[in-house]
Amino acid sequence: MIDKAKLQIGENSYEFPLIVGTENEIAIDIKTLRGVTDGVITIDAGYKNTGACQSAITFLDGEKGILRYRGYSIEELAEKADFLEVAYLLIFGELPSKEELQKFHEDIKENSIVDEDVRKILDAFPKSAHPMGVLSSLTSALTAFNPSNDKINNIDYQRTKKSLYDNIVKVLGKIPVLVSWAYRKKLGLPLEYGDNSLGYVENILKMMFKKPNEDYVPNQVIITALNKLLILHADHEQNCSTSTVRIVGSSHAGLFASISSGISALWGPLHGGANQAVLEMLEAIREDGGDTKKYMAKAKDKNDPFRLMGFGHRVYKNFDPRAKIIKVAAYEVLNDLGIDDPILEIAKSLEKEALNDPYFVDRKLYPNVDFYSGIIYRAMGIPVEMFTVMFALGRLPGWIGHWCEMRLRKEPIGRPRQIYTGETQREFKNISQR
Ligand code: CMC
């Protein structure tokens, strides 16, 4: 078996060991590179070929379209699991027993009260504020109200230990409350707290949708759809936001602060913000007469900044397995709720055209997780600006799992190098001489 890689720089040759993962993925371990070569580094903008860590949480094969959490296929989890079971799996490594799941849920419920003073911060935001900005700020603010967060120096996954476990259940308990507050603030509704008699996902829906002076009536179609969407978004290995959470946490910043930065990273339209961008794009096409061919041409025109949102992925060069599941779910939800959304037809015809267009075929651009998710969120009655917030809610267990793994493995502070391309040394001139 090959176990070394050779590097030739001029006349000198160097050997580096290979690291092989459990799925036979191979990496060249270059941690000694600078030392042995007297200062040579690698450069890889966007980290397209750079492994930042070894991780036992999620396996993804973008060529074959495979996604597994802790060894379990995404298809099976989305079909059979409960979101909280998946959260437990991602964070602690194994599926919980009935008792373990019950205790986990109880602990989350016990830790779901958000300090009243956080409401005052929420009140200070204008109603027009984007809920992702509100959520990121309020998550960061939680650090001030839960100061033990920043004192984590003894990482332990054991559920009997204090500190880290407490912070994990606080994140999973309090952030859904913040999500519902961000939503209700947008609509000008009075804020809601959770209902301890409900399941985790149903409780989120109640906190979001309960109308003043009316009983909340659960809708099983919507509960099942949200459960599935949250599972599909729960982790995706070293994506932009998860890498952000790991790198912020690598300076030993606390869990809330790290997750707040993950929320900001997720916000961008090239990452989680794509679900909002997809729906806005589909709406724009509809308002423009539904001419999908016109927008396909724009997406292919290199002088036009327009991109087909919800298409393409850094790692999937095949169908995103999450997109396949969400497409089916979108049909089911619309059907079950008796909704006829013209936007679904536009999405379908864009997909069909793209899958047969050499531009997209040659570049292996397929629909990603965000292409159909917005259609389901819309059918659930969630406003478009909240779509990425829902993604963030689903991604919490992944961020927590990676943050814990990074600290448990005692990873060093994240600090890339660079190749400097600016001016060489020059003399300062007084302002009168410039
Ligand atoms: N529409 C048109 N052309 C595209 C698209 C698109 N959506 N995506 C990629 N391309 C082209 C791109 O112009 C480039 O062409 P060329 O080789 O001629 O220069 C080629 O395909 C490779 O693209 P890239 O931008 O170099 O690839 P990347 O890995 O850096 O970017 C991406 C991946 C997801 C940012 C990109 O595909 C994109 O912008 N997609 C639209 C936004 C989107 O849907 N994002 C959600 C991703 S899934 C949710 C998540 O996990 O974040």
Side-chain angles (χ1 to χ4, degrees), residues 44-50 57-58 60-63 65-67 69 74 132 229-246 262-282 284-285 292-327 347 350-377 384 387-399 402:
D44 181 21
Y47 313 118
K48 293 194 177 194
N49 296 289
T50 297
I57 300 176
T58 287
L60 196 170
D61 182 332
E63 308 298 327
I66 295 174
L67 176 61
Y69 299 161
I74 192 66
M132 279 299 273
L229 283 169
L230 295 179
I231 291 173
L232 293 173
H233 285 103
D235 193 42
H236 211 235
E237 49 116 303
Q238 310 309 318
N239 54 84
C240 177
S241 58
T242 303
S243 301
T244 301
V245 169
R246 283 185 88 122
I263 294 170
S264 298
L266 187 73
W267 190 358
L270 298 189
H271 190 13
N275 55 15
Q276 173 173 346
V278 168
L279 213 95
E280 286 166 352
M281 172 187 81
L282 295 174
I285 297 174
T292 48
K293 291 204 166 50
K294 175 175 163 188
Y295 285 83
M296 286 291 293
K298 274 165 76 62
K300 293 187 283 181
D301 180 356
K302 292 290 172 197
N303 297 316
D304 189 327
F306 176 80
R307 277 192 165 197
L308 201 55
M309 299 313 284
F311 260 78
H313 200 278
R314 169 62 58 79
V315 286
Y316 289 120
K317 301 303 165 199
N318 196 326
F319 257 98
D320 179 338
R322 302 167 300 173
K324 279 191 195 168
I325 301 170
I326 290 187
K327 184 177 175 183
L350 271 182
E351 180 186 341
K352 196 169 162 215
E353 280 169 42
L355 293 179
N356 290 300
D357 188 305
Y359 175 96
F360 286 86
V361 174
D362 292 351
R363 289 169 180 76
K364 300 187 174 158
L365 302 171
Y366 291 87
N368 60 47
V369 69
D370 290 321
F371 194 61
Y372 284 101
S373 64
I375 294 175
I376 307 185
Y377 287 137
V384 73
F387 290 1
T388 316
V389 172
M390 302 312 287
F391 188 156
L393 194 54
R395 187 54 57 89
L396 291 177
W399 288 335
H402 282 275

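Bear in mind the structure is a predicted one, so any value in this text is a computation, not a measurement. We count ligands from 1, going down the list as the structure has it; atoms in each ligand are counted the same way. For the numbers below, each heavy atom of this structure counts, side chains included, while hydrogens, waters and symmetry mates do not.
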(request) Assess the pair Tyr316 and His236: is the distance between their ring centroids shorter than 6.0 Å? (result) yes

(message) Yes or no, since that's all I need: does a protein heavy atom fall within a distance strictly under 4.0 Å of atom 42 (C) of ligand 1?
(response) yes

(message) Has Thr58 got a side-chain atom pairing as donor or acceptor with Asp235's backbone, closer than 3.5 angstrom?
(response) no

(message) So if I count the atoms of ligand 1 from 1 in the order they appear, which ones are less than 4.0 Å from some heavy atom of Leu270?
(response) 39 (O), 45 (N), 46 (C), 47 (C)

(message) Within the 4.0 Å heavy-atom shell around Gly310, which atoms of ligand 1 are there?
(response) 43 (C), 44 (O)

(request) May I ask you to test the Met309-Glu280 pair for a side-chain heavy-atom distance under 4.5 Å? (result) no

(message) Are there over 12 heavy-atom neighbours, none belonging to Tyr47, within less than 6.0 Å of that residue's OH?
(response) no

(message) Tell me the protein heavy atom at minimum distance from atom 19 (O) of ligand 1, and give that distance in Å.
(response) Lys302 NZ, 3.7 Å

(message) Please check: side-chain N/O of Asp61 versus main-chain N/O of Ile66, any donor-acceptor pairing under 3.5 Å?
(response) no

(message) Suppose we measure from atom 26 (O) of ligand 1 to each protein heavy atom; which comes out shortest, and what is that distance?
(response) Lys48 NZ, 3.4 Å

(request) Say whether Trp399 and Ser241, considering side chains only, have a donor N or O and an acceptor N or O under 3.5 Å apart. (result) yes

(message) Suppose we measure from atom 28 (P) of ligand 1 to each protein heavy atom; which comes out shortest, and what is that distance?
(response) Arg314 NE, 3.7 Å

(request) Identify the two heavy atoms, one from Asp44 and one from Asn49, that lie closest to each other, and give their separation to 0.1 Å. (result) OD2-N, 2.6 Å

(message) Tell me whether Lys300 reaches ligand 1 (any heavy atom closer than 4.0 angstrom to a ligand atom).
(response) no

(request) Just need the protein heavy atom nearest to atom 5 (C) of ligand 1, so name the residue and atom and give the distance. (result) Leu365 CD1, 3.9 Å

(request) Answer yes or no: is there a donor N or O on one side and an acceptor on the other, between the side chain of Arg246 and the main chain of Thr242, under 3.5 Å? (result) no

(request) Starting from atom 17 (O) of ligand 1, locate the nearest protein heavy atom and write down its residue, its atom name and how far away it is, to 0.1 Å. (result) Arg363 NE, 3.8 Å

(request) For Arg322 and Asp370, indicate whether the former's side chain and the latter's backbone hold a donor-acceptor pair under 3.5 Å. (result) no

(request) Determine, using heavy atoms of Gly46 and all atoms of ligand 1, whether some pair is separated by less than 4.0 Å. (result) no

(request) If you have a sec, work out which protein heavy atom is nearest atom 52 (O) of ligand 1 and how many Å separate them, to one decimal? (result) His271 ND1, 2.5 Å

(request) Report the member of His233, Met281, His313 with the shortest heavy-atom distance to atom 51 (O) of ligand 1. (result) His313

(request) Could you find the nearest protein heavy atom to atom 24 (P) of ligand 1 and give me its residue, atom name and distance? (result) Arg307 NH2, 4.2 Å

(request) Report yes if Asp370 has an N/O atom closer than 3.5 Å to an N/O atom of ligand 1; otherwise report no. (result) no

(request) Number the atoms of ligand 1 from 1 as they appear, then name those within less than 4.0 Å of a heavy atom of Ala299, with their elements. (result) 2 (C)

(request) Give yes or no for whether the N/O distance cutoff of 3.5 Å, strictly under, is met between Phe311 and ligand 1. (result) yes

(request) Check for a donor-acceptor pair, side chain of Asn318 on one end and backbone N or O of Gly62 on the other, with a separation under 3.5 Å. (result) no

(request) Measure centre to centre between the rings of Tyr366 and Phe311, then say whether the value is under 6.0 Å. (result) no

(request) Do me a favour and list the nearest non-hydrogen protein atom to atom 7 (N) of ligand 1 with residue, atom name and distance? (result) Leu308 O, 2.7 Å

(request) Run the numbers for me: atoms of ligand 1, each under 4.0 Å from some heavy atom of Ala274, listed by number. (result) 43 (C), 44 (O), 45 (N), 46 (C)

(request) Could you tell me how the ring of Tyr377 sits relative to the ring of His233: parallel (under 30°), tilted (30 to 60°) or perpendicular (over 60°)? (result) parallel

(request) Measure the distances from the heavy atoms of Tyr359 to every atom of ligand 1 and state whether one is below 4.0 angstrom. (result) yes

